[in-house]
Amino acid sequence: MAYPLLSKISCPQDLKRLSVQQMPQLCDEIRNFLIENVSLTGGHLSSNLGTIELTVALHRVFSSPQDKFVFDVGHQCYTHKLLTGRQAGFAKLRQLGGISGFPNPVESVHDCFVAGHGNTAISAAIGIARAKKLRGEPGKVIAIVGDGAFTGGMVYEGMNNIDTLGNLIVILNDNKMSISKNVGSVANYLTRLRTSPRYSQAKADVESALNRLPVVGNPMIRSLQKAKELLRRGIYNSTMFENMGFQYVGPLDGHDVAELEEMFHNLTNQTAPLFVHVVTCKGKGYAPAEENPGEFHGVSAFKLNSVTDPDVAPESSFSIVFGQKLAELGGRRKDLCAITAAMKYGTGLQFFYRAYPQRFFDVGMAEQHAVTFAAGLARGGMLPVVSIYSTFLQRSYDQIIHDVNLQKLDVVFAVDRAGLVPGDGETHQGIYDPAYFSQIEGLRLLSPANFAELEYWLEKLVLEGSGPRAIRYPRGGQQPALAALGCSGQLFDRVRGDGKADTALVSYGSETEDVLEAAEILAQKGIAADVYKLLQIHPLPAELPAALLGYKRILFAEEAVQNGGIGEHLALRLLTAGWQGQWMQAAVPNVGLPHASVKEIKQTLGLDGASLAARLCEE
């Protein structure tokens with residue numbers, strides 16, 4: 001497909017050379033480009049389709065990198081990347097060697113902040129704006145925040161600290177709430193009037209004149225300000241933002257580049273922190289994404305003309321198996337509740353929601369609240385299951401420790417996307433939960449490797465467990481080699497070998513497939529190796545050290561950070577038991593990971609079967 005206008009843009013300055021009359025065509029080209037390319041590579045689609053006109057208008061008025069753009073969440077930055085010279089990189093979006101799906105300062109001077117988790121943009125923007133003030137640097141700092149982020153408390157913590165930062169602009173990208181009756185001709189007229197430079201000058205002149213009047217000047221100014229405030233609040237419902245110190249502007253049509261451009265031009269000389277309310281349509285211009293924005297939020301490669309029901313899984317996965325099993329258990333325990341943080345479909349909880357809507361709670365991007373809310377439910381006699389991605393659950397670490405574990409409350413944590421995650425790179429990896437859960441004494445952590453184990457142990461945790469407990473599982477489907485292992489009901493198993501080899505390979509979860517492959521490669525080289533698969537990884541099963549004491553060398557592999565990980569706990573247990581063999585460990589170094597497939601990440605880290613076998617052959 002040809003893109004005559006888009007192909008001319010290699011930097012934001014090129015965009016400014018086009019006329020405002022050309023903007024509808026350019027936005028159509030960007031929309032078609034994103035749909036075409038994301039359908040081939042996967043990525044975040046609906047959020048980007050909704051912010052095209054807004055991003056174009058911002059880049060036409062402001063000057064990056066002097067003016068800084070901070071995205072919340074960063075997955076709405078695709079148009080920004082297109083306008084800053086990265087069009088060619090979309091052929092390998094979120095792939096090894098390609099561009100990231102999120103802003104990344106290493107990738108471009110136009111990206112000022114890594115943004116993969118929600119609620120962070122306002123706090124980051126305040127810091128960047130304050131740094132500009134302290135260093136005497138020119139330019140605005142613009143935070144573009146989706147309405148979903150406003151369900152998280154960090155947004156309000158940031159807004160409570162804007163002080164008098166006249167170089168700060170916060171844009172609410174409202175793509176969820178319907179356009180109310182207040183978005184009409186009067187509201188639009190007053191918005192244009194209040195943001196006009198002529199209005200600002202006239203306002204300043206009137207206040208200056210009144211200030212010179214003895215006795216009555218200041219009371220008159222206060223009366224006028226109060227009258228304007230009451231009128232604004234009646235029309236815009238802007239009370240909260242203005243109470244926090246912002247000048248509120250909006251609502252604006254987020255798909256009208258000309259209107260947005262005019263408004264942003266009028267705002268460039270404002271000296272107060274600005275809050276600009278922009279209304280957009282998520283998935284704009286692509287009917288399937290408009291109808292099911294949640295389904296097209298983050299997608300794998302797809303056929304352009306496909307429209308599916310997000311309540312029906314296209315194929316089975318750990319998330320779907322978990323969700324269906326939890327819905328079944330909800331019928332057997334009337335006190336069972338399900339909690340998620342803006343990921344109903346991603347965690348498979350749509351099944352529980354349909355069956356028991358009164359016991360289902362989506363708290364938005366508020367993981368800290370989710371965990372403490374669960375603690376309150378447990379204290380009130382319910383059994384909450386908190387289902388959150390591993391990378392997001394780490395945001396609630398304090399609440400897990402203090403609000404759940406100190407009281408030994410009856411809370412189940414279902415940790416989705418555990419282990420290595422493809423595509424989203426360093427911001428979305430599930431590699432920390434084994435380390436942070438294993439620091440909490442008394443919390444039980446299980447890591448099933450296949451669907452059968454997930455169903456069996458989830459039922460055990462829900463129907464028979466007590467106190468804080470967690471079960472973690474990877475993204476996507478089960479591997480055939482691991483499905484073939486079935487479910488023994490044991491806390492660990494020797495899944496290969498007779499126990500007489502000198503070498504043992506030990507792992508858990510999906511990494512078990514790689515150690516099995518390594519054992520097969522070693523066997524072909526005449527080296528016998530037994531394989532142990534752990535199901536309970538914290539606390540480690542009491543019988544495990546005794547089962548391993550007879551081996552001369554042990555290699556432990558895990559898709560998790562090495563420092564503080566399960567391997568280090570096992571090594572200590574073995575040394576304490578008197579083992580004097582050779583210990584080897586393969587894990588994730590505490591560094592950012594590339595955006596690539598899981599297979600490619602494992603090869604990079606030496607966690608694939610071939611690398612593990614080669615390491616054993618070298619020793």
Side-chain angles (χ1 to χ4, degrees), residues 73 116-120 123 148-157 319 322-323 326 329-330 333 335-349 352-353 356 358-418 427-447 458 461-462 465-473 537-538 560 564:
V73 178
H117 290 186
N119 321 127
T120 62
S123 295
F150 277 77
T151 60
M154 191 173 174
V155 164
Y156 304 97
E157 294 175 25
S319 302
F322 159 78
L326 192 69
L329 294 171
R333 282 200 67 155
D335 58 347
L336 187 66
C337 298
I339 304 170
T340 191
M343 290 291 177
K344 177 174 70 174
Y345 294 112
T347 57
L349 286 180
F352 192 95
Y353 166 72
Y356 314 106
Q358 299 303 315
R359 290 189 268 145
F360 169 81
F361 306 95
D362 185 346
V363 300
M365 292 186 194
E367 292 83 6
Q368 293 170 290
H369 167 65
V371 173
T372 304
F373 170 53
L377 282 173
R379 177 59 71 193
M382 304 300 288
L383 173 59
V385 176
V386 182
S387 182
I388 298 177
Y389 293 5
S390 171
T391 186
F392 300 134
L393 187 61
Q394 65 201 30
R395 308 179 84 182
S396 59
Y397 188 41
D398 181 73
Q399 286 70 31
I400 294 171
I401 294 173
H402 287 271
D403 299 336
V404 175
N405 195 64
L406 282 183
Q407 303 180 78
K408 303 304 177 187
L409 292 174
D410 207 12
V411 177
V412 178
F413 295 97
V415 187
D416 204 321
R417 269 60 166 182
T427 64
H428 278 56
Q429 297 298 331
I431 57 175
Y432 297 102
D433 65 273
Y436 65 69
F437 272 126
S438 66
Q439 309 308 310
I440 303 174
E441 194 60 35
L443 186 146
R444 188 183 188 193
L445 178 60
L446 307 180
S447 185
L458 179 62
L461 291 181
V462 168
S466 62
R469 50 215 193 265
I471 187 165
R472 68 189 303 271
Y473 42 89
I537 60 175
H538 177 71

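Quick caveat: nothing in here was measured; it's all calculated off a predicted structure. For this chain, numbers begin at 1 and follow the sequence in order.
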For residues 406-418, tabulate all N or O donor-acceptor pairs below 3.5 Å that involve a side-chain atom, not counting sequence neighbours.
residue : atom : partner : partner atom : Å
Q407    : OE1  : R379    : NH2          : 2.7
Q407    : NE2  : D403    : O            : 3.0
K408    : NZ   : E441    : O            : 3.2
D410    : OD1  : G467    : N            : 3.3
D410    : OD1  : R469    : NH1          : 2.4
D410    : OD1  : R469    : NH2          : 3.2
D416    : OD1  : S319    : OG           : 3.2
D416    : OD2  : S319    : OG           : 2.7
R417    : NH1  : S319    : OG           : 3.1
R417    : NH1  : G346    : O            : 2.8
R417    : NH2  : Y389    : OH           : 3.2

How about [X] and [Y]: do any of their side-chain heavy atoms sit closer than 4.5 Å?
X: R444; Y: L461; value: yes
X: F437; Y: I537; value: no
X: F322; Y: V385; value: yes
X: M365; Y: F392; value: no
X: D433; Y: L393; value: no

Sequence-distant partners of [X], side chain to side chain contact (heavy atoms under 4.5 Å, CB included), two or more places apart:
X: E157; answer: none
X: F373; answer: I339, F361, V363, H369, L377
X: Y353; answer: K344, P357, F360

Nearest 0.5 Å, please: how far is [atom2] in [Y] from [atom1] in [X]?
X: Q439; Y: I401; atom1: CD; atom2: CD1; result: 9.0 Å
X: Q429; Y: Q394; atom1: CD; atom2: CD; result: 10.5 Å
X: L329; Y: Y356; atom1: CG; atom2: OH; result: 9.0 Å

Note to self: Between R333 (side chain only) and L383 (backbone N and O only), is there a donor and an acceptor less than 3.5 Å apart?
What the structure shows: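 Checking the backbone N and O of L383 against the side chain of R333, no donor-acceptor pair under 3.5 Å is found.
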Check: Would a distance-only check, ignoring hydrogens and angles, find a side-chain to backbone donor-acceptor pair under 3.5 Å from N405 to I400?
Finding: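 Between the backbone of I400 and the side chain of N405 there is no qualifying donor-acceptor contact (under 3.5 Å).
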Notebook entry, point to check: How would you list, by chain and number, every residue that makes a side chain to side chain donor-acceptor pair (under 3.5 Å) with S396, sequence neighbours excluded?
Noted result: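 Side chain to side chain donor-acceptor pair (under 3.5 Å) list for S396, sorted by chain: empty.
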Check: Of all residues at least two apart in sequence or in a different chain, which pass the side chain to side chain donor-acceptor pair (under 3.5 Å) check with D398?
Finding: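 Listed in chain order: nothing, the list is empty.
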Non-hydrogen atoms of [X] and [Y] that approach each other most closely:
X: Y473; Y: S387; answer: OH-OG, 4.0 Å
X: A341; Y: A366; answer: CB-N, 4.3 Å
X: P384; Y: A374; answer: CG-O, 3.3 Å
X: L336; Y: R359; answer: O-NH1, 2.9 Å
X: G330; Y: F352; answer: CA-CE1, 4.0 Å
X: A560; Y: P434; answer: CB-CG, 3.7 Å

